[in-house]
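Reminder, nothing fancy here: chain letters follow the sequence lines and each chain counts from 1. Side chains are part of it too, since the values below use all heavy atoms of this structure and drop only hydrogens, waters and symmetry mates.
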Amino acid sequence: MPELPEVEVVRLGLEPVVTGAVVRAVEVLDERSLRRHEGSSEQFAGLLEGARLEAPRRRGKFLWVPIEGRDEALVGHLGMSGQLLFREPGAAAPRHLRVRLTLEGPNGRYDVVFVDQRVFGSLAVDVLRPAPDAPDDPAERVPGQVVHIARDPLDARFDDEAFVAALRRRRSPVKAALLDQSLVSGIGNIYADEALWRARVHFARQADGLSARTVRGLLGHVRDVFAQALVEGGTSFDAQYVNVNGQAGYFAHSLNAYGREGQPCPRCGTPLRRVPFANRSSHFCPRCQRLR
DNA sequence: CAAGCCTCCTGCTTGC
DNA sequence: TGCAAGCAGGAGGCTT
């Protein structure tokens, strides 16, 4: 389940190879993967063919590649199961292949393919617009579909105190606030549970009942778990998440709470619990993380 | 306007 | 053995 660390691993993998490359061919095998593209698949292909790509960028779980000399970018979201993979041209199509881009760089031609089992991910060509908090900086522009997404905690311009204040105004469980991408981006179900476990905060505690100190600590734990996961190549549970070369990450071995229902809490030994929350699951230690 | 629920989607696992 | 229900969840649209 790609969250910020997994998307960043993909961005890092694309960067040296995609930057400066020219799109030579576009093949859309499943139109559903263009759900977030406003035009037809033919128009999508037409916008990309001949385009020279700049260095890939990321905000939260959104990834985009600006097109040189134009106010547009190729935007990608991996959803639940999306993958961007390098392939040799002419290689056999992998299962669930949705879109194929043939690029030409200094070292010849290669394919970047978008593979997505559950089709929650998407590719699109979108117009770059000013970021709401940096309207005069062209380098800070983001695709239209990303304008409402908050900066992520690894963004140098992320405003810690504004985040702490905004979260403490929420009348909802703290985990719902962490998952709200318009408040802070990049956090999904896995890293929300991990950061809450590290901070010893119960997922259902009301956000407006937390002290500023607790929220600052929680933010620090989000950053810590992101940084560690990034070093370990991300979290690969099943075959759903891999880097651009098809390799899994190792962070699943370092998870303390997520997916560990019934196993002892690494801190106190109490069996971890899993309970339904907002159409998904929350994993927590009933001793370390109490409601009150 | 904010909060919470529903839907999109496929494949694997579980239960009868 | 077979079939259906359950489960996984990011994000946006909808309702309250």
| field | DNA chain B: 5'-proximal contact among R32(A) and R171(A) (nearest heavy atom) | value |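 Closer to the 5' end of DNA chain B: R171(A).
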| said: Please compare S172(A) and V119(A) by the position of their nearest nucleotide in DNA chain B and report the one closer to 5'. | reply: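 Nearest-nucleotide comparison on DNA chain B picks S172(A).
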| Would you call the rings of F86(A) and Y110(A) parallel, tilted or perpendicular if under 30° counts as parallel and over 60° as perpendicular? |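 Ring orientation of F86(A) relative to Y110(A): perpendicular.
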| Geometric class of the H77(A)/F62(A) ring pair [parallel <30°, tilted 30-60°, perpendicular >60°] |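 Aromatic pair F62(A)/H77(A) classed perpendicular.
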Can you tell me how far [atom2] of [N] sits from [atom1] of [X], to the nearest Å?
{"X": "R35(A)", "N": "dG10(C)", "atom1": "CZ", "atom2": "C1'", "result": "12 Å"}
{"X": "E6(A)", "N": "dG9(C)", "atom1": "CD", "atom2": "P", "result": "13 Å"}
{"X": "Q117(A)", "N": "dG10(C)", "atom1": "CD", "atom2": "C1'", "result": "15 Å"}
{"X": "I149(A)", "N": "dG10(C)", "atom1": "CD1", "atom2": "P", "result": "13 Å"}
{"X": "D193(A)", "N": "dG9(C)", "atom1": "CG", "atom2": "C1'", "result": "12 Å"}
{"X": "L78(A)", "N": "dG9(C)", "atom1": "CG", "atom2": "P", "result": "16 Å"}
{"X": "R36(A)", "N": "dA11(C)", "atom1": "CZ", "atom2": "C1'", "result": "6 Å"}
{"X": "I187(A)", "N": "dA11(C)", "atom1": "CD1", "atom2": "C1'", "result": "15 Å"}

| said: Would you say that R205(A) contacts L291(A) through its side chain, given a criterion of any heavy-atom pair below 4.5 Å between the two side chains? | reply: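 The answer is yes; the side chains approach within 4.5 Å.
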| Which comes earlier along DNA chain C counting from the 5' end, the contact point of H283(A) or that of F62(A), where each point is its nearest nucleotide? |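 Mapping each residue to its closest nucleotide by heavy atoms, the 5'-most match is H283(A).
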| said: Counting only side-chain nitrogens and oxygens, does H77(A) get under 4.0 Å of the OP1 or OP2 atom of dG12(C)? | reply: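 So the side chain of H77(A) is outside the cut-off, no N or O lying under 4.0 Å from OP1 or OP2 of dG12(C).
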| said: Under the side chain to side chain contact (heavy atoms under 4.5 Å, CB included) test against L272(A), which residue among C265(A), C288(A), P264(A) passes? | reply: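 Among C265(A), C288(A), P264(A), the one that satisfies the side chain to side chain contact (heavy atoms under 4.5 Å, CB included) with L272(A) is C265(A).
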| field | side chain to side chain contact (heavy atoms under 4.5 Å, CB included) partner of Q83(A), the single match among V244(A), V242(A), L78(A) | value |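 Among the candidates, only V242(A) passes.
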Counting only heavy atoms from other residues, nucleotides and ligands, does the tally under 6.0 Å from [atom1] of [X] exceed 12?
{"X": "R70(A)", "atom1": "CZ", "answer": "yes"}
{"X": "R171(A)", "atom1": "CZ", "answer": "no"}
{"X": "R273(A)", "atom1": "CZ", "answer": "no"}

| F120(A)-dG9(C) aromatic stacking (under 5.5 Å, under 30°) |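 Yes.
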| message | Heavy atoms only, 4.0 Å cut-off, all strands: where does S281(A) land among base, sugar-phosphate and nothing? | response |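 It contacts sugar-phosphate atoms only.
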| So what does N279(A) hit on the nucleic acid, given a heavy-atom distance under 4.0 Å: a base, only sugar-phosphate, or nothing? |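 Base, at least one base atom sits under 4.0 Å.
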| message | As a check on the pairing definition, encode DNA chain B in dot-bracket form, counting Watson-Crick and G-U wobble pairs whose two distances are under 3.5 Å, and using | for partners outside this strand. | response | .|||||||||||||||
| field | Nucleotide interval of DNA chain B bounded by contacts with chain A (heavy-atom cut-off, under 4.0 Å) | value |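 With heavy atoms of chain A under 4.0 Å away, the range is dA3(B) to dG11(B).
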| field | Geometric cation-pi criterion R267(A) and W197(A), 6.0 Å radius, 45° cone | value |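 The answer is yes; both the distance and angle limits are met.
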| Between K175(A) and D180(A), does at least one N-O distance fall below 4.0 Å, as a salt bridge requires? |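 Looking at D180(A) together with K175(A), the answer is no, because their closest N to O distance does not fall below 4.0 Å.
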| field | No-H, no-angle donor-acceptor pair, R118(A) side chain to dG10(C) base, under 3.5 Å | value |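 In this structure, the two groups form no donor-acceptor pair.
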